[in-house]
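Heavy-atom basis, side chains included; hydrogens, waters and symmetry copies ignored. Start at 1 and go down the list; that is how both ligands and their atoms are numbered.
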Amino acid sequence: MKKLIAGNWKMNLNAQKASALALDILKGLDDELPLSKVCDFVVFPPCVHLPPINQVIKSSEMKMALGAQDCSQHETDGAHTGEISAAMLADYGCTYVIVGHSERRQGHGETDAIVKAKAAAAHNAGLTAVICIGETDQEREQGQERDIVSRQLLASLPESSNAVNTVIAYEPVWAIGTGKTAKAEDVAAMHALIREKLSGRSGSSQTPRILYGGSMKPENAAELLATPNVDGGLIGGASLKAEQFLAIGRAVRDS
Ligand code: PGA
């Protein structure tokens with residue numbers, strides 16, 4: 001399966017800059033050896049920018065996919081002020097949605113049960129859920145990373161999950177936006193654990209893609225993306241510059 005290169009733009013960029021970034025990425029995907037032949041690309045702009053970015057992507061023969069950074073756990077329209085349903089995201093051309101990012105688990109009190117409900121809502125709307133899991137620095141210092149990640153994974157996966165509608169993003173919280181990247185051997189160990197849990201759960205060799213996230217950038221992407229069981233990257237800071245985001249795709253193509 002192709003590696004998935006995913007750009008999480010978080011709460012950044014005004015409308016004009018967001019469209020310009022999408023256009024620059026799409027132009028870059030057309031270079032001498034088209035990057036979209038070797039990797040799948042998806043960007044996750046802030047919600048209000050989804051309609052214009054959807055137009056930009058549509059006018060470029062859909063060379064990358066569109067996703068949202070979150071969705072409601074509620075599936076039926078109604079009195080949920082501020083919420084956006086997965087079905088509404090699908091209406092605006094999204095095919096992916098991130099759920100359970102650590103910034104939502106920590107900053108917005110999202111539990112595994114909420115993340116699971118959001119992932120189930122995403123599946124029911126036909127979206128692929130990118131379910132984020134990862135330990136804090138304190139949990140790693142106490143040697144709890146395997147237990148924490150196993151618990152988050154199994155408690156956040158809905159019954160409806162399969163290899164097509166689900167992607168797991170392993171993002172050690174201490175590596176997000178800090179410039180500290182996990183060592184390749186630690187990434188390999190955590191991804192092997194996640195793969196083992198996923199195959200145990202489904203009883204099949206077909207398991208969801210597992211992305212690594214946390215300060216991935218052009219300089220470390222080749223090593224991280226060549227690590228066993230790493231099927232792509234969830235990229236924050238470096239996805240806000242087209243050149244850096246594309247360079248991460250080139251690291252896969254040229255390796
Ligand atoms: P970062 O963010 O690449 O800036 O560390 C990754 C993420 O939060 O998904």
statement: For Leu234, the atoms of ligand 1 under 4.0 Å from one of its heavy atoms are 6 (C), 9 (O)
query: Closer than 4.0 angstrom: is that true for some heavy atom of Gly214 and an atom of ligand 1?
result: yes
message: Taking atom NZ as the centre, does Lys63 end up with more than 12 heavy-atom neighbours from other residues, nucleotides or ligands that are less than 6.0 angstrom away?
response: yes
field: Atom indices of ligand 1 within 4.0 angstrom of Lys10 heavy atoms, with elements
entry: 2 (O), 7 (C), 8 (O)
- prompt: Which heavy atom of Leu127 sits nearest a heavy atom of Ala86, and at what distance?
  reply: CD1-O, 3.7 Å
Subset of ligand 1 atoms that lie under 4.0 Å from at least one heavy atom of Asn8: 9 (O)
message: Below 30° counts as parallel, above 60° as perpendicular, anything between as tilted: where do the rings of His74 and His80 land?
response: parallel
query: Of all the heavy atoms in Lys217, does at least one lie under 4.0 Å from an atom in ligand 1?
result: no
Heteroatom proximity flag, Ser215 to ligand 1, N/O under 3.5 Å: yes
- prompt: Which of the atoms in ligand 1, numbered in the order shown and given with their element, are less than 4.0 Å from a heavy-atom of Gly237?
  reply: 1 (P), 3 (O), 4 (O)
message: With a 4.5 Å cut-off on side-chain heavy-atom distances among I, L, V, M, F, W and Y, is there a chain of contacts connecting Leu246 to Val42?
response: no
- prompt: Is it the case that one hydrophobic cluster holds both Phe245 and Val167, taking links as side-chain heavy atoms less than 4.5 Å apart, direct or via other members?
  reply: no
message: If I apply the N/O under 3.5 Å rule, does Gly236 come out as touching ligand 1?
response: yes
message: Within the 4.0 Å heavy-atom shell around Glu171, which atoms of ligand 1 are there?
response: 6 (C), 7 (C), 8 (O), 9 (O)
query: Under 4.0 Å from any heavy atom of His101, which atoms of ligand 1 are there?
result: 7 (C), 8 (O), 9 (O)
message: Under 4.0 Å, counting heavy atoms only: does Ala175 come that close to any atom of ligand 1?
response: yes
- request: Could you say whether the N/O atoms of Gly213 and ligand 1 ever approach to under 3.5 Å?
  value: no
message: Under 4.0 Å from a heavy atom of Gly177: which atoms of ligand 1 are those, numbered in the order shown and with their elements?
response: 1 (P), 4 (O), 5 (O)
- request: Mark the output for Ala238 as yes if a heavy-atom distance to ligand 1 is under 4.0 Å, and as no if none is.
  value: no
- request: Could you tell me whether a side-chain N or O of Asn165 sits under 3.5 Å from a main-chain N or O of Asn162, the two making a donor and an acceptor?
  value: yes
- request: Report, as yes or no, whether the 6.0 Å neighbourhood of atom NZ on Lys2 holds more than 12 heavy atoms from other residues, nucleotides or ligands.
  value: yes
message: Does Glu83 have more than 12 heavy atoms from other residues, nucleotides or ligands lying within 6.0 Å of its CD?
response: yes
field: Glu139, CD: over 12 other non-hydrogen atoms inside 6.0 angstrom
entry: yes
